[in-house]
Structures are given as C-alpha cells and as structure tokens.
Amino acid sequence: MKKEISTIQEALDFIYGFVDYSLTHAKNVPANAFTLYKMETLLTKLGNPQDTYPVIHIAGTKGKGSTCAMVASGLKETGLKVGLYTSPHLIRFNERIQINGTMITDTELIGIVNQILPWIDPVDPVSSFELMTAIAFEYFRQNRVDYAVVETGLGGRLDSTNVVKPILSVITPISMDHTQFLGNTIPLIAKEKGGIIKQDTPVIVSPQPEDARSVLRQIADEKDAEWIDVADTYAWIPLDDTPGSQKI
C-alpha cells in the first residue's frame, strides 16, 4: 500500500500521477477507456457519496462553467449550503471544489486523498479526473451540502460525473468539442452531451443549433424528461456589443 500522503504537493502529484485523457492523443487511448465502471466501483467502495445530496448536473460546450457558478450562487443566496465542482482551475487545484464560494483547504484535500487511496485498484486504476470527481463527491458528503452543482468534464454520456442521479440536468450551447473522442459532427457531439439526461428528470436546454436541438429533444422524449427550452421562453436583442462589454 502506498504510504500516507502528508503534504499538498504529494497529494497533487498523486492525483496527477494517473492518466488524463483530455491531454492524451486519441490514438493512444484504448477503446475501453471511457466507461463508468471504474468510477462506479470506486464510489461503491466509498459508500456512494454522490447519492447523499441533490445534484444539478450541467454539460455543454460553451458556458457550462459560468452556468454552474451562477446556479450555485443563486442557491447560496437563498441560504442553502451548496457544493460546486468545476474544471479546469485557473490558479489552484482547490478552485475545482468549493462550498458556498470557499475552496476546499489543503488539509481537507490531503485527508480525503488518504481516505480514497486504499480503495484505488493498482492493477486497473482510475483516471485523474475520476479521482478528482470522487474527492469532490466525498467532500460534499462530509460537509453535508444541501445541493451540489456538478459540471461535466469531457462529454456527458460516459463522463466521470455521469454517475449522479440529478434532480435537474442542464445543457448549455453545443458546438464542435473534443471531436477526437465525441465525434466530428454536431449531432454526434449532442448525443454524447445529451447522455446526462435522465429518466423522468427535467432538462433545461440553452438555445442550440437545430441539429443539436433535435438530437437532445429526441433523447428527452425517450427518457420522458420534461423539456424546458430557454429559446421557447426568453428572447433578447443585443443593444450594444463591444470588446469591453455587451448590453442586452
């Protein structure tokens, strides 16, 4: 067994010591790399922390990070304790995992890494993003959040975060994105992003290219998911659009 981690640098080295598929050339990624099996197995060993609080799950190509931040902020302003999991970070890893705007501390991160460490299969280990996601889910459980707002990483259908059972799914605008893994057309990418839509669970969809919208609508219909299309409800006209600002 690996010795206990005692510093934040050791914790980060451990996390980044696993494969990162977003930085791996497609030809070097095995065909069976993208599956939820390893993530589900690890979370089962941890007692499925992701099932202990309501989750709002957000996917898309553009705007998903800012959408997560706005949703989390709105919930926080109602007096709720809200976990926020996003990626990537800008300066510090800790930015990825927050509760009510406060980042996970180095001490807390080290503690959860040590808690998870014994459960990682040394023969068939998880990826770095799977490990990060497990850390976030466990951190939110330990801190008894009222809600968690979770951003997908790469794609949706087979993304590590897609083990959650959300109360609401959100899909922001879709465009060409990680084509080496998700497909080289908008409909194929939309099918992957739409994989977060769950049975009988409402989905809010941002204005989309028609070929993406039709795919997402078909998935929602198949899942009996309530369809809430922002384009059907709201309209806007840009009044001013400059490099420094936009007025609507």
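Here the structure is a predicted model, which means the values were calculated and not measured.
In this structure, the side chains of H57 and N162 come closer than 4.5 Å at one or more pairs of heavy atoms. Annotation: side chain of T102 is not in contact with side chain of N100 (no heavy-atom distance under 4.5 Å). Residues V150 and I58 fail the side-chain proximity criterion, which asks for heavy atoms closer than 4.5 Å. The side-chain heavy atoms of T52 and F140, taken from C-beta on, include no pair separated by under 4.5 Å. Between V163 and F137 there is a side-chain heavy-atom pair separated by less than 4.5 Å. Within the 4.5 Å cutoff, the side chain of F129 has no heavy atoms near those of the L154 side chain. For the pair E130 and L42, the minimum side-chain heavy-atom distance is 4.5 Å or more. At a threshold of 4.5 Å between non-hydrogen side-chain atoms, the residues V205 and V203 count as touching.
When every heavy atom of P118 is checked against every heavy atom of N114, the shortest pair comes out as CD-O, 3.2 Å. When all heavy atoms of M39 and S160 are compared, the closest pair comes out as CG-O, 3.5 Å. Shown here for F18 and S128, the closest heavy-atom pair between the two residues is CB-N, 3.6 Å.
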Report, one line per pair, each donor and acceptor closer than 3.5 Å where one atom sits in a side chain of residues 165-174; sequence neighbours left out.
unit_1	atom_1	unit_2	atom_2	d
S169	OG	I196	O	3.1
T172	OG1	A59	O	3.3
T172	OG1	K62	O	2.8

All N/O donor-acceptor pairs, side-chain side in residues 83-92, below 3.5 Å, sequence neighbours left out:
unit_1	atom_1	unit_2	atom_2	d
Y85	OH	T133	N	3.3
Y85	OH	T133	OG1	2.9
H89	ND1	R96	NE	2.9
H89	ND1	R96	NH2	3.4
R92	NH2	N94	OD1	3.4
R92	NH2	D106	OD1	2.8

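A search for side chain to side chain contact (heavy atoms under 4.5 Å, CB included) contacts involving L75 returns I56, V71, L80, V82, Y147, V149, not counting sequence neighbours. Residues passing the side chain to side chain contact (heavy atoms under 4.5 Å, CB included) test with T105, sequence neighbours excluded: T107, E108. Y16 meets the ring-ring contact (aromatic ring centres under 6.0 Å, His included) test with no other residue; sequence neighbours excluded. Qualifying side chain to side chain donor-acceptor pair (under 3.5 Å) partners for D124, counting only residues two or more places apart in sequence or in other chains: K38. Residues that satisfy the side chain to side chain donor-acceptor pair (under 3.5 Å) test with Q115, not counting sequence neighbours, are E138, Q142. Checked against side chain to side chain donor-acceptor pair (under 3.5 Å), K223 has no partners two or more places apart in sequence or in another chain. Under the rule for a side chain to side chain contact (heavy atoms under 4.5 Å, CB included), the partners of R217 that lie at least two apart in sequence or sit in another chain are R213, D221, W227. The side chain to side chain donor-acceptor pair (under 3.5 Å) search around D146 returns none, not counting sequence neighbours. In this structure Q218 satisfies the side chain to side chain contact (heavy atoms under 4.5 Å, CB included) test together with E222, sequence neighbours excluded.
Taking a 6.0 Å sphere around NZ of K191, one finds it holds 12 or fewer heavy atoms contributed by other residues, nucleotides or ligands.
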Practice prompt. Walk me through it: do E40 and T44 pass the test side chain to side chain donor-acceptor pair (under 3.5 Å)?
Written response: CA-CA 6 Å; E40 290 170 340; T44 297; over 6 Å; no
Item to complete: Might you work through the side chain to side chain contact (heavy atoms under 4.5 Å, CB included) test for I8 and F93, ending with a clear yes or no?
Response: CA-CA 10 Å; I8 187 60; F93 175 89; over 6 Å; no
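For the atom pair CD1 of I135 and CD1 of I104, the computed distance is 7.0 Å after rounding to the nearest 0.5 Å. Put simply, CD1 on I197 and CG on D224 are 12.0 Å apart, with the number rounded to the nearest 0.5 Å. To the nearest 0.5 Å, atom CD1 of residue I110 and atom CD of residue Q9 are 10.5 Å apart. Atom CD1 of residue I99 and atom CG of residue N143 lie 3.5 Å apart, to the nearest 0.5 angstrom. With values rounded to the nearest 0.5 angstrom, S175 atom OG is found 8.0 Å from K193 atom NZ. Here the straight-line distance linking atom OG1 of T152 with atom CD of E192 works out to 11.5 Å at 0.5 Å rounding.
Put simply, the side chain of D159 gets close to the backbone of T161: a donor and an acceptor are under 3.5 Å apart. Under the 3.5 Å distance criterion, the side-chain polar atoms of T201 are matched with a main-chain donor or acceptor of Q199.
The side-chain hydrogen bond (donor to acceptor under 3.5 Å, both in side chains) contacts involving residues 66-80 comprise nothing, where partners must be two or more places apart or lie in separate chains.
Residues L12 and M103 do not share a hydrophobic cluster, defined by chaining ILVMFWY side chains whose heavy atoms lie under 4.5 Å apart. Taking hydrophobic clusters as Ile, Leu, Val, Met, Phe, Trp and Tyr residues chained together by side-chain heavy-atom distances below 4.5 Å, I5 shares a cluster with W119. Residues L36 and V55 share a single hydrophobic cluster, defined by chaining ILVMFWY side chains whose heavy atoms lie under 4.5 Å apart.
If you run side-chain contact (heavy atoms from CB on, under 4.5 Å) between I116 and each of V126, L43, I15, L131, only L131 comes through.
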